[in-house]
Amino acid sequence: MNIMLASVTERTREIGIRRSLGARKKHILLQFMMESAVLAATGGIIGVLLAYGLVELLGTVTSIPLKCRMDAS
């Protein structure tokens with residue numbers, strides 16, 4: 001099932017309350033899009049940090065020469 005559909009389905013009550021208080025569809029859509037963007041960015045950052053840590057750990061534990069450069073070149 002689409003994760004956005006599941007998120008909206010679970011929060012229909014909150015959406016109804018926000019609509020009754022005057023929120024437009026655009027505001028509710030913006031909220032869901034911002035939440036999904038923040039979750040995606042947070043997951044991406046955590047993934048990069050875990051990968052960097054794993055490379056450093058494997059580089060110290062094993063004899064395999066691993067380098068994880070953080071510069072732009």
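Cluster partners of Leu50, by chain and number: Ile46. The rule joins Ile, Leu, Val, Met, Phe, Trp and Tyr whenever side-chain heavy atoms lie under 4.5 Å apart.
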Exercise answer: donor-acceptor pairs, residues 20-30 side-chain atoms, under 3.5 Å, sequence neighbours excluded:
{"unit_1": "Ser20", "atom_1": "OG", "unit_2": "Gly16", "atom_2": "O", "d": "3.4"}
{"unit_1": "Ser20", "atom_1": "OG", "unit_2": "Ile17", "atom_2": "O", "d": "2.7"}
{"unit_1": "His27", "atom_1": "ND1", "unit_2": "Arg24", "atom_2": "N", "d": "3.2"}

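Judged by distance alone, with hydrogens and angles left aside, the side-chain atoms of Thr60 form a donor-acceptor pair with the main-chain N or O of Leu57 at under 3.5 Å. Between the side chain of Ser36 and the backbone N or O of Met33 there is at least one donor-acceptor pair closer than 3.5 Å.
Scored by the side-chain hydrogen bond (donor to acceptor under 3.5 Å, both in side chains) test, Arg11 finds Glu14, Glu35 as partners (sequence neighbours excluded).
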